[in-house]
Amino acid sequence: MNVPLLDLKAQYAGIKAEIEPVLREVVESQYFILGPKVQECEKAIAAYCSCARAVGVTSGTDALLVSLMAEGIGPGDEVITTPYTFFATAGSIARTGARPVFVDIDPATYNIDPARIEAKITAKTRAIMPVHLYGQMADMDPIMEMANRRGLVVIEDAAQAIGSEYKGRRAGSIGHYGCFSFFPSKNLGCFGDGGIVTTNDAARADKLAILRAHGSKPKYYHKIIGGNFRLDALQAAVVLVKLRHLDAWTLGRQANAKRYDKLFAAAGLTDKVALPRVVANRHIFNQYVLRVPRRDELQNFLKDKGIGTEVYYPVPMHLQECFAYLGHKKGDFPESEKAALETVALPVYPELADAQAAYVVDSIKEFLSA
Ligand SMILES: *Cc1c(COP(=O)(O)O)cnc(C)c1O
């Protein structure tokens, strides 16, 4: 049996008939950059995320970068974030010239541990960038309380968390900015790179829109320096079609996660592997991540059985070569380092069949009983 980590061809087969006419419509219009499709997409995503505004950009990475730029964050500033994330989070902070300041994770959720943040706030701290890893939101109440008390901006890295909720509130609607990615492997992916920033603040949304077009307003007059961060109409059209299916896909992912939980329990494996802990009230399972013994061996074993897995992420940010200048060493963020050694993501995409899930769990059982 073959079980890929993600099966985008299966997803496309289900929406091909809806996608093709809208792509043709954009091609016929020859309106490719920003324009009506992008505006429609921004309205739809803002509504989906319970936000007043959304600004379409070139990627999730650029969503983070342009949010930092909108706050004027740069050299001399510090931004607090998690070391256990995709590179773009810390990378975008460093690209502004600001210093990424890491705070270790809560080992249960893999998200930044709010209890450890306050000790890292200095006179230079400008922002906190929590990441909603794997599709579950970070513990936002204490983060917002701290940020409001200390006058800090909160930029949610919600690239893996569209539609995720914390105490009934959507990802991207709690902080000052919500940064989303339409990279194909995200829960709402387009046909290339794309992203969007959500905000409830009209002034911030207006500034983001100016920054994504080289800081020009009116055209050819630049009061600020921006970049080319414009979302294109083909990607916006794909997002609009897929958005209609997103809640059904999320239900599929959640059902697959529950099914795995039950299969692992039935196989008597819950003392050997740590299942994902659902704490926030709407986990959208961009990834279903286990903690396992002998992780690398297990991953190879599953690969030989035709099962795709992935390690998100093998090297925490504080141990990346490019961040050596920050002066960190092994042991600085033990929970992140432990998670990087012990976790593995299983296939959880909506189209995953019963037999495939059973095969994955049987194979893990076989490995662990050897
Ligand atoms: C995917 C991702 C990003 C970057 O998004 P791109 O669209 O690939 O640039 C940023 N942060 C996290 C946590 C991600 O998973």
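These numbers were taken from a predicted model, which means no experiment stands behind them. Every heavy atom of this structure was used, including side-chain atoms; hydrogens, water molecules and symmetry mates were not. All residue numbers refer to positions in the sequence shown, counting from 1. All ligand and atom numbering here is 1-based and tracks the order in the structure.
- Side-chain N or O atoms of Arg99 include none that pairs as donor or acceptor with a backbone N or O of Thr125 at under 3.5 Å.
- Here the side chains of Gln136 and Phe285 are not in contact, with every heavy-atom distance at 4.5 Å or above.
- Using a 4.5 Å heavy-atom cutoff, the side chains of Phe180 and Glu156 are not in contact.
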### Query
Can you check side chain to side chain contact (heavy atoms under 4.5 Å, CB included) on Tyr134 and Asn286, steps first, answer last?
CA-CA 5 Å; Tyr134 306 146; Asn286 178 240; 5.6 Å; no

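- Between Gln160 and Leu133, some side-chain heavy-atom pair lies under the 4.5 Å cut-off.
- Closest to atom 2 (C) of ligand 1 among all protein heavy atoms lies Lys186 NZ, 2.7 Å.
- Here Lys217 does not pair with Asp206 in a salt bridge; the nearest charged N to carboxylate O distance is not below 4.0 Å.
- With hydrogens left out, the protein atom closest to atom 7 (O) of ligand 1 is Ser181 OG, 2.6 Å, a heavy atom.
- The residue Asp62 has no part lying near ligand 1, judged by heavy-atom distances below 4.0 Å.
- At a heavy-atom cutoff of 4.0 Å, ligand 1 is contacted by the side chain of Val131 but not by its backbone.
- Annotation: side chain of Arg295 is not in contact with side chain of Leu298 (no heavy-atom distance under 4.5 Å).
- Within ligand 1, the atoms closer than 4.0 Å to a non-hydrogen atom of Ala88 are 4 (C), 10 (C), numbered from 1 in the order shown.
- Residue Phe183 has no N or O atom closer than 3.5 Å to an N or O atom of ligand 1.
- Atoms of ligand 1 found under 4.0 Å from any heavy atom of Thr85, numbered from 1 in the order shown, are 13 (C).
- At a heavy-atom distance under 4.0 Å, only side-chain atoms of Ala159, from C-beta outward, approach ligand 1.
- Summarising the contacts of atom 13 (C) of ligand 1 with Thr61, Asp157, Thr58, the nearest heavy atom is found in Asp157.
- Interface of Ser59 with ligand 1, defined as ligand atoms under 4.0 Å from a residue heavy atom, comprises 7 (O), 9 (O).
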